[in-house]
S.K.: 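One structure follows; several queries about it will come next.
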Amino acid sequence: MHADLSRLTFRPDRHYSAVIAQQGRVQLDADANEQAAIQLHQARTLAADLIGPHGGPRGSAGFRVEYVGGRHDIDTLYIHGGRYYVDGILLDANRTAPGTPVPVDDEEPHDAHAQEPDSDQPPAYWTYWDQPDGFRDPEKPGDRLPSPAQSPFLVYLKVWERSVTAAEDPALREVALGAALPDTAARVKVVWQVLPLSLAALDIEESEPSKAVVSAAFDRWALKQSTPTARLAARSERPDHADEDPCLVKPDARYRGLENQLYRVEIHDGGEPKDATFKWSRENGSVVFPVDELDGTWVQLASLGHDDKLDLDVGDRVEFTDTAYSSRLEPLPLLRVEELDLPGRRVRLSAEPEPGVGRLPGLNPFLRRWDHHEGPKRRGRTTALRNGAVPVTEGEWLPLEDGIEVYFAKGAAYTTGDHWLVPARTATGSVEWPVDQARRPLLQAPAGIVRSFAPLALVKGEGSTVDLRRAFGWAASSIPAADEAALAAEAQARREEQTADADPSHGRSQTTAEAEAAVDGDK
């Protein structure tokens, strides 16, 4: 999550069930976020255990897919509404009604009344091209659907989560606080995308595979896609000139930054090690600047930051992106800030942003700042950046800054968006990272992105779609009627209870009752 956090403390292997606030203690963002993570983990684990890897409620399962082609200019899919669960994550494909606007003064009353029924009805389905987080582009050949006339293809769900701040959703900002103040809490959004997949990608050579064959092949493919192979370790190394640096926090300090930081190391270009690159931020990638206007290489910003720590300087590396490309998880060139126009809130970039990115205000374009300026020094030479990012070098420690180093394990494949978080603390002069008994840093899988997948349909042509979804029924049912013997026993018990209530002596003789009353009177 690209958010301004102190750290993330949720660890499922520690089996904590709740966070307990104590009186008179400092309250941290990490504590509240861990409580939310614990509850979310419990709810999703329970749902996955009961439902399985994926499934929807019978009768209202969502994501029924129809292939529509031939008579249209461009092939598409109809994605019908309803609910579906993937790895316990709730997905909702229902579309909300657009609402009914207030009629204008000169509008005829009967005309306004005629428009109300249509506007109150939500659309029946999404299409492949307008799905809310897909952002498919008909101009990109890679986004178009395969032709089922040539070969059947699979339609599947890709599910993941990403953070959203006020830079991407201005409605999150409380305007009463004023534009000069920073935003408040961020959000985590479930992203679902309906995508096509060829049978060749599933290693299926049959032209008419069965439903079981397709499902089994997809499960193998999804497991490979969702299991990262990249591993990273981090440490804080004592610099050679430490004895001459009076600013070090303590005599044996290794991390020598002036403030506590949460470093984020994120894969930019994925692929094989020779092609992979990474970027890093000391603020967890949370320093963003909403864009008001783009004019060539000049970018008009809503603000230039709230202080010297969170602003832009000449030489900074920035990512010009928007909501669509953030959801597509496609790397864009990291540009360099060449010039600042502080009074005009403008910056000049080293090149014009990619075509089709940040041109639509509705997609909320923004700049994200990264803190690397150049690659690490190796053998006395500085590593050149590639498209503005740092090339991945496996099997050796790579310095970031202030004594922090990272290590990529050999033989991995990298995926854009995978990242690791490294908290650095001035109190210890070190970083928080798992180590073994010999204090050696341990290699860790990425902290995210966690990707989930589910098959939806095998498309063979228009009107010929094999549904691959799963459904579950209600666990609750009506209470069965009791048999005659049970009903008779219940009736007898009611009669005995009524008789006892009507008899004040509760079955005792009159003499006994009078004697007990006399004794009570003597008392």
Side-chain angles (χ1 to χ4, degrees), residues 1 8-19 33-65 79-94 131-134 154-164 187-195 197 202 211-229 327 329 415 417-419 444-458 466-477:
M1 296 181 290
L8 291 178
T9 57
F10 174 61
R11 302 290 182 271
D13 57 346
R14 295 184 181 179
H15 308 297
Y16 294 144
S17 59
V19 176
N33 293 335
E34 182 173 349
Q35 178 62 58
I38 288 173
Q39 293 175 307
L40 198 60
H41 173 73
Q42 291 175 340
R44 289 178 174 175
T45 300
L46 176 62
D49 288 342
L50 295 176
I51 298 171
H54 59 90
R58 193 177 304 278
S60 58
F63 296 93
R64 180 172 65 86
V65 170
I79 306 165
H80 290 266
R83 296 182 303 282
Y84 207 68
Y85 293 81
V86 179
D87 288 342
I89 302 173
L90 171 61
L91 311 178
D92 193 338
N94 291 309
Q131 55 181 304
D133 296 309
L154 184 77
V155 177
Y156 71 98
L157 264 173
K158 179 180 179 181
V159 182
W160 54 286
E161 291 180 306
R162 69 180 186 90
S163 58
V164 178
R187 303 293 188 272
V188 176
K189 180 179 183 179
V190 173
V191 176
W192 60 260
Q193 296 167 326
V194 174
L195 303 171
L197 185 67
L202 299 176
K211 188 174 180 178
V213 168
V214 173
S215 297
F218 180 84
D219 289 343
R220 293 191 296 269
W221 177 87
L223 179 63
K224 184 178 179 180
Q225 299 298 315
S226 60
T227 306
T229 59
S327 296
L329 283 177
T415 304
D418 283 348
H419 61 272
Q444 298 289 300
I449 300 170
V450 178
R451 299 168 176 84
S452 298
F453 304 90
L456 294 178
L458 178 64
V466 179
D467 198 339
L468 299 177
R469 297 174 303 157
R470 298 176 181 175
F472 57 88
W474 290 351
S477 60

S.K.: For the residue pair Phe453 and Pro53, establish whether any side-chain heavy-atom pair is separated by less than 4.5 Å.
M.R.: no
S.K.: How long is the gap from CD on Glu161 to CG on Leu40, to the nearest 0.5 Å?
M.R.: 6.5 Å
S.K.: Keeping Arg220 on the side-chain end and Leu202 on the backbone end, is there a donor-acceptor pair under 3.5 Å?
M.R.: no
S.K.: If I compare all heavy atoms of Asp133 with all of Gln193, which pair ends up nearest, and what's the gap?
M.R.: O-NE2, 2.9 Å
S.K.: Without placing hydrogens or testing angles, list every side-chain donor-acceptor pair under 3.5 Å for residues 79-88, not counting sequence neighbours.
M.R.:
residue, atom, partner, partner atom, Å
His80, ND1, Arg64, NH2, 3.3
His80, NE2, Arg64, NH2, 3.4
His80, NE2, Glu66, OE2, 2.4
Tyr84, OH, His54, ND1, 2.9
Tyr84, OH, Arg470, N, 3.0
Asp87, OD2, Ser452, OG, 2.8

S.K.: Out of curiosity, Leu329 CG to Arg162 CZ, how far, rounded to the nearest 0.5 Å?
M.R.: 8.5 Å
S.K.: Does a side-chain heavy-atom distance below 4.5 Å link Gln42 with Leu46?
M.R.: no
S.K.: Would you say Arg469's side chain and Ala61's backbone share a donor-acceptor pair under 3.5 angstrom?
M.R.: yes
S.K.: Any idea which heavy atoms bring Ile449 and Gly417 closest together, and the distance?
M.R.: CG1-O, 3.7 Å
S.K.: Quick check for you: to the nearest 0.5 Å, what is the distance between Gln131 atom CD and Phe63 atom CZ?
M.R.: 9.0 Å
S.K.: Can you check side chain to side chain contact (heavy atoms under 4.5 Å, CB included) on Phe10 and Asn33, steps first, answer last?
M.R.: CA-CA 8 Å; Phe10 174 61; Asn33 293 335; over 6 Å; no
S.K.: Less than 4.5 Å apart, any side-chain heavy atom of Lys211 and any of Leu468?
M.R.: yes
S.K.: What I'd like to find out is whether the side chain of Leu157 reaches to under 4.5 Å of the side chain of Val194, using heavy atoms alone.
M.R.: yes
S.K.: Please report the interatomic distance CG(Leu197) to CH2(Trp221), rounded to the nearest 0.5 Å.
M.R.: 5.0 Å
S.K.: So, for Gln35 and Val19, which heavy atoms are closest and what is the spacing to 0.1 Å?
M.R.: OE1-N, 2.7 Å
S.K.: Any sub-3.5 Å donor-acceptor pair from His41's side-chain atoms to Gln39's backbone N or O?
M.R.: no
S.K.: Indicate the atoms forming the closest heavy-atom contact of Ile38 with Ala18, along with that distance.
M.R.: CD1-N, 4.0 Å
S.K.: What's the shortest heavy-atom distance between Ala93 and Trp192, and which atoms?
M.R.: CA-CZ2, 4.2 Å
S.K.: Should Leu90 and Val190 count as side-chain neighbours, where that means a heavy-atom distance under 4.5 Å?
M.R.: no
